[in-house]
Amino acid sequence: MARTLARSFYARESVDLAPELLNKLLVHRHPEAGRLVARIVEVEAYCGSDDPGSHAYRGPTRRNATMFGPPGRLYVYFTYGMHWCANVVAHRDDDASAVLLRAAAPLEGLEAMRRWRPKARRERDLCSGPAKLAQALGITGEHDGDDLVRGPIRILDDGLPPPRRPGVSGRVGLSLGRGDEHLWRWFVPGDPNVSR
DNA sequence: GGTGTGATCGTA
DNA sequence: ACGATCACACCA
């Protein structure tokens, strides 16, 4: 049925990888909560030294080290003093690029997701933002650098292709002049889990 | 539906 | 100081 994406799938620029991740399954085999599954419906691409909106813009640091490593790993960062956000590391040829997982449609393990996100009133509040998605799937800084091919967090293809015509827009949350002109956000049109 | 604001702390 | 954000208040 669903098969794990091979490492070669990730070995390209984030701008090319990002739309291909739409409709793929994000799966976390959690030691206590069991199997958590959500379908990716919104992503953003971040590049390296040429992208002022990217954490990699000013070169490698302790925080962004994973972005400069091999593709197919998870880059998890802490922001606003309280939130974790998860990225997929893409190709690197002496530079860095990654895809921010912004929203997903919850499919399995909703009980645990609701337990970890007690403030989510409706189902579409569970994973409709990068920090919500990480929280619902139990992803924190301890998963930074994890191998998405080996697990426990993986990305699977269950046969549903990306949308033929994905929604496109500028990236969210960037101040003006920091790469906000790039149309590097993609989403599944009409999906209720896409962030507002 | 939309807009505006406070929370909270690691990073550069 | 400033975030690759969220939740909540308030208005419509």
Side-chain angles (χ1 to χ4, degrees), chain A residues 10 13-19 21-22 26 38 40-69 71 73-92 95-104 106 113-146 148 153 166-187 189-196:
Chain A
Y10 302 99
E13 290 300 323
S14 59
V15 172
D16 300 319
L17 173 63
L21 289 175
L22 291 177
L26 180 61
I40 299 166
V41 298
E42 179 185 347
V43 294
E44 281 177 357
Y46 288 86
C47 301
S49 53
D50 54 344
D51 179 7
S54 171
H55 289 168
Y57 183 52
R58 295 176 192 281
T61 64
R62 166 109 84 241
R63 178 209 212 186
N64 67 19
T66 301
M67 262 189 94
F68 288 84
R73 314 248 281 242
L74 202 59
Y75 166 48
V76 184
Y77 68 89
F78 188 63
T79 191
Y80 289 100
M82 58 194 110
H83 300 303
W84 296 104
C85 295
N87 299 252
V88 173
V89 177
H91 183 59
R92 120 187 159 90
D95 205 346
S97 75
V99 178
L100 175 65
L101 302 177
R102 283 199 58 91
M113 293 185 190
R114 288 192 174 281
R115 199 157 59 238
W116 294 332
R117 287 197 38 70
K119 294 183 180 163
R121 311 196 93 271
R122 306 161 299 182
E123 190 171 312
R124 65 173 174 272
D125 296 323
L126 284 172
C127 303
S128 55
K132 300 181 198 175
L133 169 55
Q135 189 174 30
L137 288 178
I139 299 174
T140 69
E142 67 184 321
H143 298 107
D144 180 43
D146 276 14
L148 287 166
I153 298 167
V168 184
S169 85
R171 294 176 292 182
V172 176
L174 298 185
S175 42
L176 279 70
R178 287 210 157 258
D180 57 297
E181 72 275 18
H182 297 300
L183 301 181
W184 287 347
R185 172 177 175 256
W186 293 269
F187 54 93
D191 190 288
N193 299 280
V194 171
S195 66
R196 314 273 100 175

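Order of the sequence lines sets the chain letters (A, B, ...), proteins ahead of strands, with each chain counted from 1. For the numbers below, each heavy atom of this structure counts, side chains included, while hydrogens, waters and symmetry mates do not. A quick note: this is a predicted structure, and the numbers were derived from the prediction, not measured.
- Rounding to whole angstrom units, CZ of residue A/Arg124 and P of C/dC6 are separated by 16 Å.
- With rounding to whole Å, A/Met82 atom CE is found 14 Å from C/dG3 atom P.
- Shown are A/Arg171, A/Arg178, A/His182; of these, the side chain to side chain donor-acceptor pair (under 3.5 Å) with A/Asp51 is made only by A/Arg171.
- Closest to the A/Thr79 side chain, of the nucleotides B/dA7, C/dC6, C/dG3, is C/dG3.
- In terms of phosphate contacts, A/Arg117 brings a side-chain nitrogen or oxygen within less than 4.0 Å of OP1 or OP2 of C/dA7.
- For A/Arg122 and C/dC8, the CZ to C1' distance is 13 Å, given to the nearest whole Å.
- Counting non-hydrogen atoms under 4.0 angstrom, A/Leu100 reaches a base of the nucleic acid.
- A donor-acceptor pair under 3.5 Å is absent between the side-chain atoms of A/Arg124 and the main chain of A/Asp191, judged by distance alone.
- Around CZ of A/Arg58, the count of heavy atoms belonging to other residues, nucleotides or ligands within 6.0 Å does not exceed 12.
- Under the 6.0 Å distance and 45° angle rule, A/Arg63 does not count as a cation-pi partner of A/Phe78.
- Across the protein-nucleic acid pair, A/Arg178 atom CZ and C/dG3 atom P stand 7 Å apart, rounded to whole Å.
- B/dT8: no Watson-Crick or G-U partner with both key distances under 3.5 Å is found in any strand.
- Among the nucleotides C/dT5, C/dA7, B/dC9, the one closest to the side chain of A/Lys119 is C/dA7.
- The side chain of A/Tyr77 has C/dA4 as its nearest neighbour among B/dG10, C/dA4, B/dA7.
- Regarding A/Leu101, its CG atom lies at a distance of 16 Å from the P atom of C/dA4, rounded to whole Å.
- Applying the 4.0 Å criterion to OP1 and OP2 of C/dA4, one finds that A/Arg102 has every side-chain N and O outside that range.
- For the pair A/Leu133 CG and C/dC6 P, the interatomic distance rounds to 9 Å; values are reported in whole Å.
- Base engagement by A/Gly53 is indicated by at least one non-hydrogen atom pair under 4.0 Å involving a base atom.
- With distances taken from any side-chain atom of A/Phe78 to the nucleotides B/dT8, C/dC6, B/dC9, the minimum falls on B/dC9.
- Within the 4.0 angstrom heavy-atom criterion, only backbone atoms of the sugar-phosphate kind lie near A/Arg196; the bases stay farther away.
- Applying the side-chain hydrogen bond (donor to acceptor under 3.5 Å, both in side chains) rule to A/Arg196 yields no partners; only residues at least two apart in sequence or on another chain are considered.
- Where A/Lys132 and A/Ser175 meet DNA chain C, the nucleotide closest to each residue was compared, and A/Ser175 sits on the side nearer the 5' end.
- The base-pairing partner of C/dA4, taking Watson-Crick or G-U wobble contacts with both distances under 3.5 Å, does not exist among the strands shown.
- Evaluation of A/Tyr46 against the base of C/dA4 yields a stacking contact (centre distance < 5.5 Å, interplanar angle < 30°).
- In this structure, A/Trp84 atom CH2 and B/dG10 atom P are separated by 10 Å, rounded to whole Å.
- In this model, the phosphate group of C/dA4 is approached by a side-chain N or O of A/His55 to a distance below 4.0 Å at OP1 or OP2.
- Taking the ring centroids of A/His55 and A/Tyr46, they lie at or beyond the 6.0 Å cut-off.
- If you measure from atom NE2 of A/His83 to atom P of B/dA7, you get 13 Å, rounded to the nearest angstrom.
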